[in-house]
Amino acid sequence: MLNRGWTNASGLFCSRTSKAPWSSPFSMMPDKSMTIIERWKEELEGSGILVVIGGHDSPSPRGVGYSKNQAVAQSSGSYLCFLDSDDAMMPQRVRLQHEAAVRHPTSIIGCQVRREPPSSTERYTRWLNQLASDQLLIQVFTSNGPTVIMPTWFCSRAWFSHVGPFDEGGRGVPEDLLFFYEHLRKGGGVVRVDQSLLLYRYHPGAATHSVLETTIWTHRVRFLEERALPHWATFTIWNAGRQGRRLYRSLTAESRRKVVAFCDVDQNKIKKGFYCYEESQERPKPRVPVLHFRAARPPFVICVKLDLTGGAFEDNLRSLHLQEGRDFLHFS
C-alpha cells in the first residue's frame with residue numbers, strides 16, 4: 001500500500017493528490033515502487049513537490065497499520081485525510097471534509113462512495129451511502145464494519161493522536177476496525193458528508209481480504225458485550241438459525257444468561273420450542289425458548305442480514321414500532 005500525502009497552507013495532510021509533498025513509507029516492494037519513486041524524486045522536487053521516502057529493515061512486510069502510522073508520522077498538517085492507493089477522490093473532497101472536521105473536531109468524517117465496478121458490492125454500498133446520521137453511531141456492531149469506510153476518513157491530527165495509532169500487528173489484523181472501536185470508546189463522533197467524494201475500487205487481492213472472518217467476529221462480539229449488553233438486563237436474539245445460535249455460543253456465560261429467547265418467522269424452528277446449548281458445561285444445559293417474533297419481547301440483537309428478503313424482514317421490524325439503539329441493535 002502506498003501512503004501519499006501533502007501539507008498545504010491550511011495544514012492538511014492528504015493521501016494521493018498532486019502539487020504538494022508526497023510521503024511514501026516502503027518496506028519490501030516487489031512491484032519496484034521504491035525504484036519508480038526514486039526515479040521521479042529529482043523531477044518532482046525540481047517542481048517544488050517535496051518527496052519523503054521511508055521504510056524499514058524488516059525482512060518481511062510490516063503491514064497496513066505500520067504504513068498508515070508511518071505516513072502520519074512523516075506528515076506535518078493539522079488534519080489527516082486518508083486514501084488507499086487504488087482508490088480515487090473527487091476534487092472537492094478535502095474542502096468539504098475539512099469544513100465538517102472544523103465543526104466536529106472529535107469526529108471521524110467520512111463521505112458517500114461510488115463503487116467500481118458498480119455491481120461488486122451493491123448491498124454494502126447502499127448501506128454505506130444510506131445510513132441516517134444517527135445510525136452512524138448505532139449500526140457499529142454489524143459485519144459491515146465501520147459505518148464510514150477507512151479510505152474516506154478525515155480527522156484532526158490532535159484527535160488521531162488522542163485515539164492512538166493503528167495496530168501494527170500486520171497481515172490479518174483489522175487495524176481500521178480496531179481504531180474505529182477505540183475512537184468510539186473515547187467518545188468520538190461519526191459524520192458523513194452526503195456527497196460521493198470517493199471512487200472505491202473493489203478487487204479480490206485487497207488487503208482487507210487477508211483478515212479472517214472469525215477474527216472480525218470475535219472483535220465484534222466482544223465490542224457488543226462491552227458497549228451494548230451492559231445496558232440490558234435481558235434480551236432476545238432475533239434469528240433462531242445458524243447466525244443467531246453462533247452469536248449465543250460466542251457470548252460469555254454472563255451474557256448468555258441474559259438471553260431470554262430466540263425469535264424467528266420460520267415455523268419449523270418455532271415448533272421445536274427451544275434451543276439447547278449442548279456444548280455448555282452448565283447443568284442442566286441451557287434451553288432457550290424459540291418464539292415467533294410477535295410473541296417475543298425487546299430488546300433484540302438482530303442477526304438477520306438487511307436488504308436480502310425483498311423488504312419482508314424490514315416490514316416485520318417496522319411493524320413493532322421499536323426504536324433502534326434502545327429496543328434493538330443490528331449485528332449481522
Side-chain angles (χ1 to χ4, degrees), residues 3-17 20-21 23 25 52 64-84 87 89-113 127-142 144-168 174-198 200 223 226-228 324-325:
N3 289 289
R4 310 169 183 178
W6 57 274
T7 306
N8 69 8
S10 65
L12 296 172
F13 171 73
C14 184
S15 306
R16 218 184 142 202
T17 188
S23 171
V52 180
V64 177
Y66 172 84
S67 295
K68 291 173 182 174
N69 289 335
Q70 284 291 100
V72 172
Q74 290 169 352
S75 68
S76 59
S78 300
Y79 289 87
L80 305 174
C81 179
F82 295 90
L83 178 69
D84 287 352
D87 300 328
M89 68 180 185
M90 302 303 106
Q92 68 273 34
R93 179 190 169 190
V94 171
R95 175 177 59 83
L96 293 176
Q97 289 192 301
H98 176 247
E99 291 171 356
V102 170
R103 295 193 301 270
H104 304 279
T106 62
S107 291
I108 289 176
I109 314 299
C111 65
Q112 294 178 328
V113 302
W127 179 80
L128 282 174
N129 289 337
Q130 295 177 8
L131 284 172
S133 58
D134 61 327
Q135 290 177 317
L136 295 173
L137 281 174
I138 296 174
Q139 291 198 16
V140 296
F141 305 104
T142 76
N144 289 332
T147 48
V148 289
I149 56 168
M150 196 275 157
T152 73
W153 287 4
F154 191 110
C155 66
S156 73
R157 176 183 294 275
W159 183 252
F160 178 89
S161 299
H162 176 69
V163 174
F166 289 102
D167 188 294
E168 296 187 2
E175 80 292 331
D176 54 347
L177 182 66
L178 297 180
F179 186 94
F180 187 69
Y181 283 170
E182 188 61 23
H183 163 76
L184 296 176
R185 288 186 183 103
K186 294 192 173 181
V190 183
V191 174
R192 188 186 65 220
V193 174
D194 284 335
Q195 292 190 38
S196 181
L197 303 177
L198 181 79
Y200 183 38
F223 194 64
E226 172 193 334
R227 303 286 293 181
E324 186 172 5

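Numbers here simply count residues along the sequence, with the first being 1. Atoms considered below: every heavy atom in the structure, side chains included; atoms not considered: hydrogens, waters and symmetry mates.
- Using cut-offs of 30° and 60° for the angle between ring planes, the Phe160 and Phe166 rings count as tilted.
- A heavy-atom distance below 4.5 Å is found between the side chains of Lys68 and Met150.
- Rounded to the nearest 0.5 angstrom, Leu198 CG and Leu83 CG are separated by 6.0 Å.
- Here the side chains of Val72 and Phe82 are in contact, with some heavy-atom distance below 4.5 Å.
- For the atom pair CD1 (Ile109) and SG (Cys81), the distance works out to 11.0 Å, reported to the nearest 0.5 Å.
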Show your reasoning for whether side chain to side chain contact (heavy atoms under 4.5 Å, CB included) applies to Asp176 and Ile149. CA-CA 9 Å; Asp176 54 347; Ile149 56 168; over 6 Å; no

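- Judged by distance alone, with hydrogens and angles left aside, the side-chain atoms of Thr147 form a donor-acceptor pair with the main-chain N or O of Leu136 at under 3.5 Å.
- A donor-acceptor distance shorter than 3.5 angstrom exists from the side chain of Gln97 to the backbone of Thr152, with no hydrogens or angles considered.
- Formation of a donor-acceptor pair under 3.5 Å by the Gln112 side chain with backbone atoms of Leu128 is not found in this model.
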Would you check, one step at a time, whether the test side chain to side chain contact (heavy atoms under 4.5 Å, CB included) holds for Gln195 with Gln92? CA-CA 10 Å; Gln195 292 190 38; Gln92 68 273 34; 4.0 Å; yes

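- To the nearest 0.5 Å, the span separating CD on Gln135 from CD on Gln130 amounts to 10.0 Å.
- Looking at Phe223 and Val140, their side chains come closer than 4.5 Å, going by heavy atoms from C-beta outward.
- Here the CD atom belonging to Gln139 is positioned 9.0 Å from the CG atom belonging to Asp134, to the nearest 0.5 angstrom.
- Tyr79 and Ser156 get closest at one heavy-atom pair: CD2-CA, 3.7 Å.
- Counting heavy atoms from C-beta on, the side chains of Ser75 and Leu80 come closer than 4.5 Å.
- The line from CG of Leu177 to CD of Glu182 is 12.0 Å long, rounded to the nearest 0.5 Å.
- Under the 4.5 Å side-chain criterion, counting only non-hydrogen atoms from C-beta, Val102 is in contact with His98.
- Contact check for Arg185 versus Arg227: side-chain heavy atoms found under the 4.5 Å cut-off.
- Of all non-hydrogen atoms in Phe180 and Ile108, the two that sit nearest each other are CD1-CD1, 4.2 Å.
- Looking at every heavy atom in both residues, Arg192 comes nearest to Val148 through CB-CG1, 4.2 Å.
- Side-chain contact between Val94 and Phe154: present, with at least one pair of heavy atoms (C-beta onward) separated by less than 4.5 Å.
- Distance alone, capped at 3.5 Å, places no donor-acceptor pair between the Asp167 side chain and the Phe179 backbone.
- In this pair, Trp159 and His183 present their aromatic rings perpendicular. The plane angle is above 60°, beyond the 30 to 60° band.
- Scanning all heavy atoms of the two residues, the minimum distance from Ser107 to Cys155 falls at O-CB, 3.8 Å.
- Trp127 and Gly145 get closest at one heavy-atom pair: CH2-O, 3.8 Å.
- Between the side chain of Arg93 and the main chain of Cys111, no donor-acceptor pair closer than 3.5 Å is present.
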